[in-house]
Protein chains: 2
Amino acid sequence: MSDVTIKDVATAAGVSPSTVSNLLNGRAHRMLPETRQRIERTIKDLGYRPNRAARQLRTGRSQVIGLVVPSVGNPYWGAFARHLESAALAEGYHVLLCNSERDPDRERQYVSELLSDGVFGIVLCSSLPSLEHVLPLVDQGLRLVAFDRKAQAGDPASLVSITVDNAIGGELAGDHLVGLGHRRIAFVSGALRSINRQERLRGFLAALSRAGIGEQDVLRWTGKGDDQLGDVEAAELGTRAAAALLGRRNRPTAIFAINDMTALGVCRAVRDAGLEVGRDVSVIGFDDIVLADLSSPPLTTIRQPLPDLAAAAFTELRLRLDDATVQPGRSLLFRPDLVVRASTAPVPGS
Amino acid sequence: MSDVTIKDVATAAGVSPSTVSNLLNGRAHRMLPETRQRIERTIKDLGYRPNRAARQLRTGRSQVIGLVVPSVGNPYWGAFARHLESAALAEGYHVLLCNSERDPDRERQYVSELLSDGVFGIVLCSSLPSLEHVLPLVDQGLRLVAFDRKAQAGDPASLVSITVDNAIGGELAGDHLVGLGHRRIAFVSGALRSINRQERLRGFLAALSRAGIGEQDVLRWTGKGDDQLGDVEAAELGTRAAAALLGRRNRPTAIFAINDMTALGVCRAVRDAGLEVGRDVSVIGFDDIVLADLSSPPLTTIRQPLPDLAAAAFTELRLRLDDATVQPGRSLLFRPDLVVRASTAPVPGS
DNA sequence: TTGAAAGCGCTAACAA
DNA sequence: TTGTTAGCGCTTTCAA
């Protein structure tokens with residue numbers, strides 16, 4: 001380890017440790033320019049690097065934030081992690097990565113361990129509607145930003161929630177399909193346990209309703225016991241759901257899938273049924289992961305502005321980390337975009 | 001913050017801090033069972049959690065390892081990060097995530113900062129053939145495991161290198177295509193700067209050569225200036241390369257792409273040319289990322305045993321973290337598998 | 001403008 | 001079996 005300490009620097013520069021410390025902590029104005037230069041030179045010459053553990057022990061603060069996601073193996077979360085890390089790095093923060101694998105116990109465990117690591121700022125991407133499993137830890141100094149989740153009535157007052165506006169996203173999807181002339185439309189998702197999913201469906205139904213398509217006329221597939229949907233499983237679910245829906249007498253001409261992975265699974269089922277995505281059945285997803293544009297045909301989807309979302313998550317977290325007083329909670333809802341590609345087209349024969 | 005310290009526990013339990021510390025550090029046998037139980041109860045009651053910064057300051061060790069990858073936004077690296085984190089967690093370690101974005105300066109910067117964070121164990125997934133930009137830091141206690149990179153002559157003696165056996169992977173790809181009757185075969189990659197890529201090509205050529213196809217008969221596309229290939233760009237490159245290759249008079253009947261992202265781009269170009277992947281042109285990739293199985297048609301590829309690779313990376317790192325004496329370096333080469341899906345088929349008309 | 005000194009929470013000799 | 005003690009490297013108050 002870099003065994004040169006602040007004391008070594010002080011001795012070599014002929015000053016006291018506190019003067020060096022002052023320089024290190026943005027109080028350079030308190031010393032003569034020549035002193036300052038001498039110290040700076042010495043630091044360079046000796047290759048001195050402050051020991052963060054010592055600093056943290058002393059100040060109680062650390063330049064690390066925690067990120068808890070279901071799994072970075074999922075392209076969506078991988079992309080989010082990348083953008084968040086990028087935003088954090090720009091401000092000198094590092095990111096501890098935690099994969100909850102959608103296990104509430106593991107989520108709680110992580111948060112607790114992070115606290116004990118001196119990591120008080122955490123971006124939590126929880127799959128759960130309720131955050132009560134981590135709330136007790138807020139009393140211990142935890143600063144929480146909940147991502148991909150709209151604020152709920154039962155949330156602690158200080159919580160920040162950041163997400164795309166899922167209801168608007170659902171509406172955009174619905175408007176798009178209706179605008180293409182579709183009337184027999186299906187919705188495919190796993191169990192609607194998360195608020196996000198409920199919102200997406202709500203917006204979607206609202207759009208269809210405006211076009212005169214009642215709720216009862218929308219084919220809904222919302223998980224059939226297959227709840228433990230991971231990332232690969234989401235596609236699998238899409239395939240099974242679409243296979244069932246396409247087997248009906250009056251099969252839908254368009255399908256809205258809860259996310260892109262599911263949509264890709266839906267596309268597979270369409271092909272398996274001997275139909276062509278786009279021409280025979282329109283498919284629209286949600287997220288705009290990197291593969292959406294790569295798949296065949298390229299997937300029409302609702303894009304989440306991931307860089308903006310990630311930057312906001314970090315900014316909000318930092319705000320609460322720097323200021324000891326408890327800030328009021330709030331929700332940030334970002335607007336999603338419709339990205340039209342080849343998987344959606346006018347209804348056949350129209 | 002959890003302001004209950006080891007001292008509080010000691011007082012409450014009626015013992016000295018060192019006894020509590022002994023219990024905490026696996027020296028429970030040095031005390032009476034009843035003392036032990038009393039302390040354990042107190043720890044629970046008070047909700048005590050050790051302060052890691054203090055512990056680290058004292059011992060110089062930390063339960064954190066660093067992971068430097070090009071970008072977790074790339075599905076391959078995202079999957080690797082997930083498996084590595086999982087292996088680390090099982091032993092009580094946390095993972096600091098660093099995205100180098102393929103910038104050598106950033107790589108060096110990260111490693112240096114990690115050192116100053118007291119993080120001495122780092123899994124480095126560098127895109128560079130040489131590691132000299134971080135070597136000076138090895139003297140400062142850095143323990144390095146290089147992933148996705150075979151050992152080189154110029155490496156430091158203590159370096160561990162872990163990767164799939166890319167030459168064998170290339171051979172498997174070559175044998176597969178040859179076995180299907182293909183003779184006009186192309187290879188598509190970005191610039192062959194990394195050792196991995198060179199190895200894949202070498203193995204591939206060796207397999208073709210055994211089938212009587214000389215090097216000069218293999219169409220090679222190895223980047224045309226488009227060097228800054230990120231993740232999306234890899235697909236883009238595949239598309240451009242394949243478009244050019246398929247425009248030739250004697251177009252290839254099979255294409256081996258350097259990785260799955262590139263292969264997906266190749267598939268897109270095949271479709272754009274009015275041909276069918278599998279039937280008209282066989283395409284094989286490398287990695288077996290999650291999308292390989294989801295794409296249309298599902299992609300034949302060379303699978304990397306990612307969970308095993310990740311577990312090995314952590315194990316090797318930990319070995320070197322625990323033992324202060326410098327261990328001799330070594331290379332671990334894991335065997336890849338051929339996964340046959342629908343993107344490859346016998347050569348048309350055979 | 002600079003320095004002396006105390007102490008953050010913990011571990012591990014060493015002493016009892 | 002248990003306790004005393006010194007000190008890890010740093011920041012910050014207070015004094016000079």
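Every chain is numbered from 1 and lettered A, B, ... according to where its sequence line falls, protein lines coming before strand lines.
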Rounded distance (Å) that lies between atom [atom2] of [N] and atom [atom1] of [X]:
X: A:N51; N: D:dC8; atom1: CG; atom2: C1'; answer: 8 Å
X: B:K7; N: C:dT11; atom1: NZ; atom2: C1'; answer: 14 Å
X: B:R52; N: C:dT11; atom1: CZ; atom2: P; answer: 11 Å
X: B:Q63; N: C:dC10; atom1: CD; atom2: P; answer: 15 Å
X: B:L57; N: D:dC8; atom1: CG; atom2: C1'; answer: 4 Å
X: B:R55; N: C:dT11; atom1: CZ; atom2: C1'; answer: 9 Å
X: A:R36; N: C:dT2; atom1: CZ; atom2: P; answer: 12 Å
X: A:Q56; N: C:dC10; atom1: CD; atom2: P; answer: 12 Å

Exercise: identify the closest heavy-atom pair between [X] and [Y]:
X: A:R143; Y: A:R320; result: NE-O, 2.7 Å
X: B:R330; Y: B:L319; result: NH2-CD2, 4.2 Å
X: A:A151; Y: A:S331; result: CB-OG, 2.9 Å
X: A:S100; Y: A:V68; result: CB-CG1, 4.0 Å
X: A:Q56; Y: A:G118; result: NE2-CA, 3.3 Å

Compare the minimum distances between each of [options] and the side chain of [X], then state the nucleotide with the smallest one.
X: B:S16; options: C:dT11, C:dT1, D:dG3; answer: D:dG3
X: B:R61; options: D:dT4, C:dA12, D:dT12; answer: C:dA12
X: B:I6; options: D:dT11, C:dT2, C:dC10; answer: C:dC10

Inset, instruction - Return no unless some side-chain N or O of A:T5 is found under 4.0 Å from OP1 or OP2 of D:dC8. - result: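 Answer no for this pair, as no side-chain N or O of A:T5 is under 4.0 Å from OP1 or OP2.
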
Inset, instruction - Respond yes when some side-chain nitrogen or oxygen of B:T19 is under 4.0 Å from OP1 or OP2 of D:dG3, and no when none is. - result: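 True: B:T19 side-chain N/O within range (under 4.0 Å) of D:dG3 OP1/OP2.
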
Inset, instruction - Measure the CG-CG distance between B:L84 and B:L89 for me, rounded to the nearest 0.5 Å. - result: 11.0 Å

Inset, instruction - Take the angle between the ring planes of A:F314 and A:Y93 and call it parallel below 30°, perpendicular above 60°, tilted in between. - result: perpendicular

Legend entry - Sugar-phosphate, base or nothing in reach of B:S18, heavy atoms under 4.0 Å: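 Contact class for B:S18: base.
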
Legend entry - Positions of residues 21-33 of chain B (non-hydrogen atom under 4.0 Å from DNA chain D), listed by number: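 Going residue by residue through residues 21-33 of chain B, the ones with a heavy atom under 4.0 Å of DNA chain D turn out to be B:R30, B:M31, B:L32.
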
